[in-house]
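Reading through the structure tokens given below for one structure.
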Amino acid sequence: MFKKFSAEEVSAQNQVKASVQRKIRQSIAEEYPGLEPVLDDLLPKKSPLIVTKCQNHLNLVVVNNVPLFFNIRDGPYMPTLRLLHQYPNIMKKLQVDRGAIKFVLAGANIMCPGLTSPGGALDDEVGAETPVAIMAEGKQNALAIGFTKMSAKDIRAINKGIGVDNMHYLNDGLWKMERLD
């Protein structure tokens with residue numbers, strides 16, 4: 001998704017109306033209840049919230065020139081990895097084994113066997129089409145943010161094919177873009 005992402009891919013930046021800003025805050029609060037205490041610090045009501053439209057139907061939510069959340073089309077908002085590293089417990093987590101780390105960091109989708117092998121870990125409460133943090137065996141910070149293609153129970157049962165779409169990973173274009181000026 002963000003493999004070759006750069007500032008040139010931005011097609012429009014719009015400061016949103018207060019009603020749209022409330023809607024974005026509400027959907028983020030519903031999706032990530034763990035962010036509720038710090039949501040006013042992250043998305044202050046007084047500072048302008050800018051929605052940046054990019055190619056491939058991608059939207060970035062930007063506050064003070066810092067991208068905080070992104071979504072594709074009208075899908076759920078997902079935090080950037082920098083935000084996830086600040087607040088690591090806001091998303092459900094899936095863990096890949098050591099063998100999958102280099103592939104995930106190259107942008108590959110997460111395959112079911114990488115999650116079900118001895119080094120991997122699945123949270124059975126994760127449903128299909130859910131944003132998740134991808135952790136690595138032996139590491140404490142998330143290395144990617146993904147969107148599940150099937151539920152955790154199906155991943156364990158089927159154990160074949162792509163289990164999680166890799167949306168945003170360490171050292172991709174969005175990670176390298178600390179500020180959007």
Locate the shortest heavy-atom distance separating [X] from [Y]; write the atom from each residue and the value.
X    : Y    : result
T130 : G127 : OG1-O, 2.9 Å
F147 : P131 : CD1-N, 3.8 Å
C112 : M150 : SG-CE, 3.9 Å
G146 : V164 : CA-CG1, 3.6 Å

**Message:** Can you confirm whether I72 sits close enough to M167 that some side-chain heavy atom of one is under 4.5 Å from a side-chain heavy atom of the other?
**Reply:** yes
**Request:** Evaluate the side-chain proximity of E178 to V66: yes if any heavy-atom separation is below 4.5 Å, no if none is.
**Result:** no
Partners meeting side chain to side chain contact (heavy atoms under 4.5 Å, CB included) with [X] (sequence neighbours left out):
X    : result
M111 : P113, I162
A152 : L122, D124, V126
R73  : H57
N64  : S47

Non-neighbouring partners of [X] that pass side-chain hydrogen bond (donor to acceptor under 3.5 Å, both in side chains), sequence neighbours left out:
X    : result
Q140 : none
T52  : none
N141 : none

**Prompt:** Is the count of non-hydrogen atoms from other residues, nucleotides or ligands lying under 6.0 Å from D74 atom CG greater than 12?
**Reply:** no
Quick check against the 3.5 Å criterion: does [X] have a side-chain atom that pairs as donor or acceptor with the backbone of [Y]?
X    : Y    : answer
S11  : Q55  : no
N109 : N166 : yes
T80  : F69  : no

Pair up each side-chain donor or acceptor in residues 24-38 with any protein partner under 3.5 Å, not counting sequence neighbours, and list the distances.
residue, atom, partner, partner atom, Å
R25, NH1, L43, O, 2.3
R25, NH2, D40, OD1, 2.6
Q26, NE2, E30, OE2, 3.2
S27, OG, K23, O, 3.4
S27, OG, I24, O, 3.0
Y32, OH, Y77, O, 2.5

Can you tell me how far apart [atom1] ([X]) and [atom2] ([Y]) are? Round to the nearest 0.5 Å.
X    : Y    : atom1 : atom2 : answer
R156 : T116 : CZ    : OG1   : 8.0 Å
L60  : L68  : CG    : CG    : 10.0 Å
M78  : L84  : CE    : CG    : 12.5 Å
R82  : L174 : CZ    : CG    : 8.5 Å

**Prompt:** If you look only at pairs with a residue in residues 78-98, which of them pass as a ring-ring contact (aromatic ring centres under 6.0 Å, His included), with sequence neighbours excluded?
**Reply:** H85-W175
**Residue pairs, two or more places apart or on separate chains, that pass ring-ring contact (aromatic ring centres under 6.0 Å, His included) and touch residues 5-24** = F2-F5
**Asked** D123: what forms a salt bridge (charged side-chain N to carboxylate O under 4.0 Å, His left out) with it, not counting sequence neighbours?
**Response** none
Pairs under 3.5 angstrom only: tabulate donor-acceptor contacts from the side chains of residues 90-107 to other protein residues two or more places apart or in another chain.
residue, atom, partner, partner atom, Å
K93, NZ, P88, O, 2.9
K93, NZ, N89, OD1, 3.2
Q95, NE2, G119, O, 2.8
D97, OD1, A100, N, 3.3
D97, OD2, S117, OG, 2.7

